[in-house]
Amino acid sequence: MNAPMTASTATDACLTDSLDVLIIGAGFAGVGAAIRLRQQGIDNIAVLDKADGIGGTWWHNTYPGAACDIPSHLYCYSFEPNPDWSRKYSPQAEIQAYIEHCAEKYDIKRHIRLNTRVEVCRFDEQRKLWLAQLADGATLAAHHVIFATGGLHLPAWPDIRGMQDFGGPSMHSAEWDHSVDFRDKRVAVIGSAASAIQLIPELAKIARQLDVYQRTPNYIAPRNDREFSAREKARFARWPWWNRLYRKFIFLRGELVIFPLVKTKGPSRWRARVEKMLRRHIRRSVADRATGAAMIPDYPAGCKRLLIADNFYDAINRPNVALLTQGIERIEADAVVTVDGARHPADILVYATGFDMENYMRQTEVIGPGGVTLSEIWARIPFAYKGGFVPGLPNFYFTTGPNTGVGTTSVVYMIEAELNLIIQAIGLSGRNRLIEVSKAACQRYNEEIRAALQETVWAGDCKSWYKRPDGEIASLYPYNARTYLRDHQRLVVEDFTLHSS
C-alpha cells in the first residue's frame, strides 16, 4: 500500500534521516514548489541554494538597469497577486523582494538553506532514495528531488582571443562587480541584446566613452514603461477582480499578438506588418542614418528574442556612445581590436553575451539507477516528458526543463503549470514507490514537440541561442501558453511506471 506523504507522517522512525522532497534552487520555481508542497501537507522538505540570498535569477542579476521584460502583474504567482508593483515592468530589486515576501508569508524561509551548493545527486539503489552530496561534504537523503534552478544565471562567455590579457576590470552582466567605478572611464560592452540594452543606458550616463559591440542587430520595440499611480495601486488592492482582469489582458496580448509572430516560419502578413513598424521605429529613433541602418535586422521578427526598451536608442544617440559592428579580432591589455585593424582603447570590459541555457541543468551531476548519468542520457540533446520528467531518473523532476521556454508569456506561468504535474507525481508515488516516465511516452512526446518546432520561425535560417548547431531546438515550446497549461493540468498515469521502493 502506498503511504501518502503528509506532515503527520514526517517523523516515521524509518525515515527520520531522509527528506520527503529536496528542492534545488530558491527562485520563483523553488519557492513556488515549496509553497505547493506545504499546501498539500508535505512539510518535511528542504530548499537549497548556492547563493547567499533568495531570488534565483533576480538575486544573481544585479547589473544597472536590470528589469523584467514581462509586465509585473503577470510576472508573479497567480495565487499571490501584488497590487503594489511600482511600475508596469518591475526592476530587479523589487522582483527579488517579492519572492522573499512570498517565502516569508507562506512560511518557506525555515526550509531554505543558502550558501549550499549541491554537487552531486546520486540515486541509492538499496535505500531507493536520492543522496545529495553538498559542497561542504555533507549528504542529504530525499525520496524526491525537484530541480528548480533557472537558466538565466550561468554566463555564456564568448570565445575571443586575448580575453585573459585584458588588464582592467572585466565582468559578465550576470556577475556584476559593484566595486568597479565606471565614472569617466572608457567602457566596452560586448553584446547588444536583452541585458545589454538595459545596462547600456545606465553606463552611458557616467562613462567617458562607451563602445557597444554589436554582432547581430535586434528588433527592439518600445517598452512603454511607467510608474503606477497611488490611485491605480489602491484600485488593484481594493478590487482583486480588477487585478485578475488586468493580468488576463496582459496574458491574452501575448497569446494573440506576440505568439502569431513565432508560430510559423512561413510567410505571415502579421509578421510583415510588425517588422515594418519596428524598422520604422528604429529609423526614427536613431539620429545617425548609418548607425540606424546597421541596427535594422535582416531576419524575420521572432526568429531571435524580441526585445523592448524605452531608452536604448536615446543612449546610442549620445555623443559618448559608439556602435561598432565590424566584429572583434582580439582583446589586448587596454583595448579591443576589431577585424578592420582599428584599436579601440578600453578601461573596463563588460560581457553582455547571454546565458548558457543547456549547461545550467548540468551544474549538479545527476547519477541515476545503474550509474547512468544525466549527461549520458542527454548525450545527443536534452529532452524530457512535458519538460519535467526524464526516463531513467525516478522521483526526479525539472521545473523548467527542456522545451519549456516561451517568448510570449511569463516563465512564472510555465513554472506553475509544470508544478501541477510534479505535485501530482509526488502525491501518487508517496514514500513507498518510485514514479518514472516511460521511454515510449517520452519519445512520443518529444517527436511531436520537435516536429512542431521545425514549423516555427525559430527553425528558420537565422542563428540564435535558441537553435543548436545541429538545427535542433532544445529550449523552446512550440505551442502557445494556453496549450501548455491544458497539457499540464492532469498527470497521464498511463505514461508512467510505478515501482515499489
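Using cut-offs of 30° and 60° for the angle between ring planes, the Y77 and F79 rings count as parallel. Classification of the Y484-H488 ring pair by plane angle, with boundaries at 30° and 60°, yields parallel.
Scanning for salt bridge (charged side-chain N to carboxylate O under 4.0 Å, His left out) contacts around R226 gives E232, with sequence neighbours left out.
Evaluated for a ring-ring contact (aromatic ring centres under 6.0 Å, His included) with W85, the options Y246, F236, Y98 yield exactly one hit, Y98.
Side-chain polar atoms of E94 and S86 form a donor-acceptor pair below 3.5 angstrom.
Note: H73 and F249 fail the aromatic proximity criterion, with ring centroids not under 6.0 Å apart. Checked against the 6.0 Å centroid threshold, Y219 and Y299 count as a close aromatic pair. Residues Y397 and W130 keep their aromatic ring centres 6.0 Å or farther apart.
At least one side-chain heavy atom of I23 sits less than 4.5 Å from a side-chain heavy atom of L37. Considering only heavy atoms from C-beta on, F396 comes within 4.5 Å of F147 through its side chain.
A cation-pi arrangement is absent between R38 and Y106, since the terminal nitrogen or guanidinium carbon is not both under 6.0 Å from the aromatic centre and inside a 45° cone about the axis.
Look at K109 and E100 and you find a salt bridge, because one of the NZ, NE, NH1 or NH2 atoms lies within 4.0 Å of a carboxylate O, short of that distance.
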